[in-house]
Every structure is written in C-alpha cells, then in structure tokens.
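What follows is a short report on a single structure.
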Amino acid sequence: MKRPQFINLLALLCFGLLISHAGYSQSRSSQAIQVLVSPNKPDWTYNKNEEASFKIQVLQHQVPLTDIEITYSVGLEKMIPTDQGKVKLKDGFAVVKGRLATPGFLRCEAKVSIDGRWYSGIATAGYAPLDIKPTQILPDDFQEYWDTAIAKASKVPLDAKLTLLPERCTENVDVYQVNMQNAAAGTRQYGILAKPKKEGKYPAVLAVPGAGIRPYAGVIDLAEKGIITLQIGIHGIPVTYETGLYNDLGNGPLKGYPFFNLDNRDSYYYNRVYLGCVRAVDFLYALPEFNGNDLLVWGGSQGGALAIITASLDSRVKGLASLYPALSDLTGYMHNRAGGWPHMFRTDVDENKVKVSAYYDVVNFARFVKVPGFYTWGYNDDTCPPTSYYSAYNLINAPKELYLVQETGHWTYPEQHQEIEKWMLKQLKK
C-alpha cells in the first residue's frame, strides 16, 4: 500500500484554498496555546429554535487556563454577529448560548490575547442543515444552454499531444503531460495522465483541481492500483513548470480569475473551465486502454464544484467524489446569509452578473446529477461556508453518501481521504 503518497496527492488536489488562520485549525493546532469551542451536542446538529451552548476553554501546554478574559461572537457564518462581548473564564471555561429559528449554521468564535498574540477558535452549530434550500434561480434555458455549448465543443478536434515524463514514471505506470484542444479551436488544456503499463482495459478517474494556479504531480498511486488517472489544470497553461511561475501568474494576470467576464454568459472565465472538464472526459474515452464504462470524477473546493458539475453535464461519468464544493449558492449574500466561494455579491450586486452566475452555480447543476456520489466536509469551513454546499447537496436526487466530520474547516483528516479512496475503489471494482 502507498496510502501516505495518495493522501499527499489528494491534499494537493483539494487544498487550493486551504486557510492557515489559527482560529480555523483548533483541532489540529501545533501551537502551545489552543482556544477550544465545543457545542453541547456531540453531533453539533440542532433542531430549529433549539438552544445551543458553546463551551469555551483555553489550553496552554494542554492545561486549561482560568481567570482570563476572552472575546466571543455568535452569528451566522460570514455575517455580522448577532451577539458579541467579553467573558472571563471561571474554573477553566465559559459558556455562551444562541439559537436559530430557520435552517442554517450558527458559529461561535472565541479569541484571547496572551503575551501580545491573539489566538482563536470556532465551532458551528448546524440547524436542520438538510432543510437548507438554495437562493439561486434556475434559468429556464439552463439545460438547453449547456447542451448546445457541449455539442459545439464536441466538434472541435481534441488534437491531443502526450509528452512522456520519464522522471515520474514507475515500474508499473507511465506518466505523461497531456496537451489537448479545449472547447474552441486554438485554446488548450493541460494535465497529467498516469496509466498502467500492463496491457489491458482499465477504469478511469478524472481529478479536477482546487482553486489557484499551480503545477500538478499526477495521481500516480491510483494508477498503481490499475486505474487510469487524469489530473487537469484549468488555466490553459502547462502544468509542469516551477512553482514560482504559477505564483507570478496568480499574483498578476490571473489574480481574481473567478470574476473575469462575469457579466457575459458566453465568455465568463468558467465557461471554458466547465467545458474543459467535459473535454477531459472526451480524452479519457478516446484512450484505447480505457474500459469504456467506469469513470469517476473527483475533487475538493473548486474541484468539489467541478466534480458535481462534470457529473451533471456528462452522462458518461458514473460517479463523483466531492469535498466542500465551492461556487455553490452564489447569491446567498443577497438573502442575508453566506454565499459560496468566491463570495461574489457580498457587497457589489450587479443584476446582469447575478443572471450570469445562475448558469455557473453548483446548485443548478446539482439538480441534474443522476449518479452515485461521495461527499465529505465539516461545519467549520469559512472558505466554502456549509450553508452554501448544503444548498447544493440537498438538491441532489441520486444515491449519495455524506461523510461528515463536524469540526473540520477547509481541510480534511486522513480518515476522510481514506474513505474517499475506499469509496472510489469500490465503485471501480478494485
């Protein structure tokens, strides 16, 4: 088994938006001082109007501190707190309370200053999360629009070119950089293909990326298990350069790309991205080593969104694995609750951009998912707020398995990665 390598690759895939703020890593903190916030229900889940109590502790070298003052706030994720103040820890803890009358998430954040440094922790109570409904509107021509776009893209020759990467190959797996034509003539898409050397027919996994600009290593471990893997980038640039180049692009011409051309349905940045995912499926189906049937799509954050979207758009996909999907219920902020990453319409609401967003919102693709899916996330996510991805998840009318780890934020435990691998191998009969 090569599980540690698999986990590292999955981490690279999913953590394009990983946050490092101490307040959102309380359960895996490497700091000497930890701020722990604990709901009074083990599953962190409440009925509407049920009171939630949050126990706040501050640990130094694992020992509870007492007689110190903490600052707390309670409210909906990403919104102005409805309750905030200061309280002194007595006997090593303090308790603050709150409640919600409607489905959603109530977050408690606690902060403390010690020796001039601030430390924080959070916990989030989920109120009837399976009853959360989206705010986004479904356009009347949603399916027609995407069917037409895919049909047009399918007429563009793939013109795929493979470059062997000898330094990445193993005894059992060949690894290539793939350069293929995207949805329009002259536009390109790049990725890393890993396929077993042994002659035969194999299932396939399409790995779609988290947000950001970076190189990719390929998902070689799964290929070692007898699975063709294709890990794609979305920006139309090779994926084997040095990291510094991608950092320069991310801080320069590609900075803010999720907002590029949001006022134009046909030229919005993600138009090429979504169609590119379908083109990647075209490529996998064209491989002579593919068994012609068993194909999964998998990703986290932006990739979690792309996994749902690709499975919705392309009936050739037989299953999906999605971690805390971004781009979900983008209009949430217009309805006094958190919207999904990249948090558009939080302050600036342009009606034309709102209309365009409806064609790209995960909630509208979720309505048309028909294949089994594995989903995993937690309640403490501040990058992709849980209200946003439950808005999409609750619309999925297909077999679905949710592996909920309440305390996680925009990160995952090794156990979650192991469950993803187990689910995918089972789906692919491996």
Problem set entry | Polar contact flag, side-chain donor to acceptor under 3.5 angstrom, Arg168-Thr240 | no
For this session: Assert yes or no for the condition that the ring centre distance of Tyr72 to Phe54 is strictly below 6.0 Å.
Result: no
For this session: Look at the side chain of Thr331 and the backbone N and O of Gly339, then say whether any donor-acceptor pair between them is shorter than 3.5 Å.
Result: no
Exercise. Hey, are the side chains of Ile114 and Val58 touching, using non-hydrogen atoms and a 4.5 Å cut-off?
Worked result: yes
Problem set entry | Taking every non-hydrogen atom, the tightest pair across Leu320 and Ala311 | CD2-CB, 3.5 Å
Exercise. With no hydrogens and no angle check, is any side-chain donor or acceptor of Glu421 less than 3.5 Å from a backbone partner on Gln418?
Worked result: no
Exercise. Any donor-acceptor pair under 3.5 Å linking the side chain of Gln181 with the backbone of Gly186?
Worked result: yes
Exercise. Can we say Asp141 and Arg265 salt-bridge, meaning some charged N sits less than 4.0 Å from an Asp/Glu carboxylate O?
Worked result: yes
For this session: Just do the side-chain contact (heavy atoms from CB on, under 4.5 Å) check on Phe259 and Lys353 with the steps written out, would you?
Result: CA-CA 10 Å; Phe259 296 88; Lys353 292 179 180 180; over 6 Å; no
For this session: Taking the six-membered ring of Tyr393 (Phe, Tyr or Trp), confirm whether the NZ or CZ of Lys400 is under 6.0 Å from its centre and within 45° of its axis.
Result: yes
For this session: Taking all heavy atoms of Ala338 and all of Lys78, pick out the closest pair and write down the distance.
Result: CB-CG, 3.9 Å
Problem set entry | Asp329 versus Thr135, side-chain donor and acceptor atoms under 3.5 Å | yes
For this session: Kindly check if the number of other-residue, nucleotide or ligand heavy atoms within 6.0 Å of OH (Tyr241) is above 12?
Result: no
For this session: Take Tyr390 and Phe105 through the test ring pair (Phe, Tyr, Trp, His ring centres under 6.0 Å) and record every step on the way to the result.
Result: CA-CA 10 Å; Tyr390 271 98; Phe105 288 87; 5.6 Å; yes
For this session: Assess whether side-chain contact (heavy atoms from CB on, under 4.5 Å) is satisfied between Ile309 and Tyr270, documenting all intermediate values.
Result: CA-CA 11 Å; Ile309 290 161; Tyr270 278 107; over 6 Å; no
Problem set entry | Side chains of Phe283 and Ile232 in contact at under 4.5 Å (non-hydrogen atoms) | no
For this session: Mind listing the closest non-hydrogen atom pair of Trp341 and Thr383 along with its distance?
Result: CB-O, 3.5 Å
Problem set entry | Beyond-backbone contact of Tyr360 with Leu262, side-chain heavy atoms, under 4.5 angstrom | no
Exercise. Are there more than 12 heavy atoms of other residues, nucleotides or ligands under 6.0 Å from atom NZ of Lys41?
Worked result: yes
Exercise. So do the side chains of Leu230 and Leu287 get within less than 4.5 Å of each other, counting heavy atoms only?
Worked result: no
For this session: Calculate, to the nearest 0.5 Å, the distance between atoms SG and CG belonging to Cys277 and Asn182 respectively.
Result: 9.0 Å
For this session: Would you mind reporting whether Asp263 and Val356 have side-chain heavy atoms less than 4.5 Å apart?
Result: no
Exercise. Would Met344 and Tyr333 count as a side-chain contact (heavy atoms from CB on, under 4.5 Å) if you check the C-alpha gap in whole Å, the side-chain angles of each, and the deciding distance to 0.1 Å?
Worked result: CA-CA 8 Å; Met344 53 187 64; Tyr333 290 107; over 6 Å; no
Exercise. Got a donor-acceptor contact below 3.5 angstrom from the Ser322 side chain to the Ile308 backbone?
Worked result: no
Exercise. Taking Thr45 for the side chain and Asp43 for the main chain, is one N or O donor matched with an acceptor at less than 3.5 Å?
Worked result: yes
For this session: For the pair Tyr257 (side chain) and Gly250 (backbone), establish whether a donor and an acceptor sit closer than 3.5 Å, ignoring hydrogens and angles.
Result: no
Exercise. Do the side-chain N and O atoms of Glu419 and Thr376 include a donor-acceptor pair separated by under 3.5 angstrom?
Worked result: no
Exercise. Are the side chain of Thr408 and the backbone of Gln406 linked by a donor-acceptor contact shorter than 3.5 Å?
Worked result: no
Exercise. Stepwise, does the ring pair (Phe, Tyr, Trp, His ring centres under 6.0 Å) test hold for Tyr359 with Tyr268?
Worked result: CA-CA 10 Å; Tyr359 291 89; Tyr268 178 43; over 10 Å; no
Seminar exercise, completed: Rounded to the nearest 0.5 angstrom, the CD-CG distance for Gln143 and Leu313 is 10.0 Å
Problem set entry | Asp159 with Arg188: basic N within carboxylate O range, under 4.0 Å | yes
For this session: Could you give me the CA-CA distance, side-chain angles and deciding distance for Trp146 and Asn364, then say whether side-chain contact (heavy atoms from CB on, under 4.5 Å) is met?
Result: CA-CA 12 Å; Trp146 285 108; Asn364 287 335; over 6 Å; no
For this session: Could you tell me whether the side chain of Tyr379 reaches within less than 4.5 Å of the side chain of Leu404, counting heavy atoms only?
Result: yes
For this session: Identify the two heavy atoms, one from Pro342 and one from Leu327, that lie closest to each other, and give their separation to 0.1 Å.
Result: CD-CD2, 3.8 Å
For this session: May I have the step-by-step check of ring pair (Phe, Tyr, Trp, His ring centres under 6.0 Å) for His235 and Tyr246, ending in yes or no?
Result: CA-CA 10 Å; His235 301 295; Tyr246 303 100; 9.1 Å; no
For this session: Check the pair Arg316 / Asp282 against salt bridge (Lys or Arg N to Asp or Glu O under 4.0 Å), numbers first and verdict last.
Result: CA-CA 9 Å; Arg316 294 172 296 177; Asp282 290 340; 2.5 Å; yes
Problem set entry | Tyr46 and Leu106, any side-chain heavy atoms less than 4.5 Å apart | no
Exercise. Are there more than 12 heavy atoms of other residues, nucleotides or ligands under 6.0 Å from atom NZ of Lys430?
Worked result: yes
Exercise. Do you know the tightest heavy-atom contact between Ser154 and Arg279?
Worked result: CA-NH1, 3.8 Å
For this session: Kindly say whether Glu407 contributes a backbone atom to a donor-acceptor pair with the side chain of Asn380 at under 3.5 angstrom?
Result: yes
Exercise. When rounded to the nearest 0.5 angstrom, what distance separates CG in Leu306 from CZ in Phe365?
Worked result: 9.5 Å
Exercise. Any chance CG of Asn293 has more than 12 other-residue heavy atoms, nucleotides or ligands included, within less than 6.0 Å?
Worked result: yes
Problem set entry | CA sep, side-chain torsions, deciding dist, call: Glu77, Thr124, side-chain hydrogen bond (donor to acceptor under 3.5 Å, both in side chains) | CA-CA 8 Å; Glu77 335 118 277; Thr124 310; over 6 Å; no
Problem set entry | Side-chain donor or acceptor of Asp361 paired with backbone N/O of Ser357 under 3.5 Å | no
Problem set entry | Within the 6.0 Å centroid threshold, strictly below: Tyr403 and Trp423 | no
Problem set entry | Flag, side chain of Asn394 to backbone of Pro129, donor-acceptor distance under 3.5 Å | yes
Problem set entry | Spacing of CG belonging to Leu193 relative to CD1 belonging to Ile220, to within rounding of 0.5 Å | 10.5 Å
Exercise. So, do Arg337 and Ile132 sit near enough that their side-chain heavy atoms are less than 4.5 Å apart?
Worked result: yes
Exercise. Would you call Asp131 and Lys48 a salt bridge, using N to O less than 4.0 angstrom?
Worked result: no
For this session: Drop me the distance from Gln302's CD to Cys384's SG, to the nearest 0.5 angstrom.
Result: 9.5 Å
For this session: Starting at CD of Gln57, measure out to CG of Leu36 and round the result to the nearest 0.5 Å.
Result: 6.0 Å
Exercise. Where do Gly378 and Tyr389 come nearest, in terms of heavy atoms and distance?
Worked result: O-OH, 2.6 Å
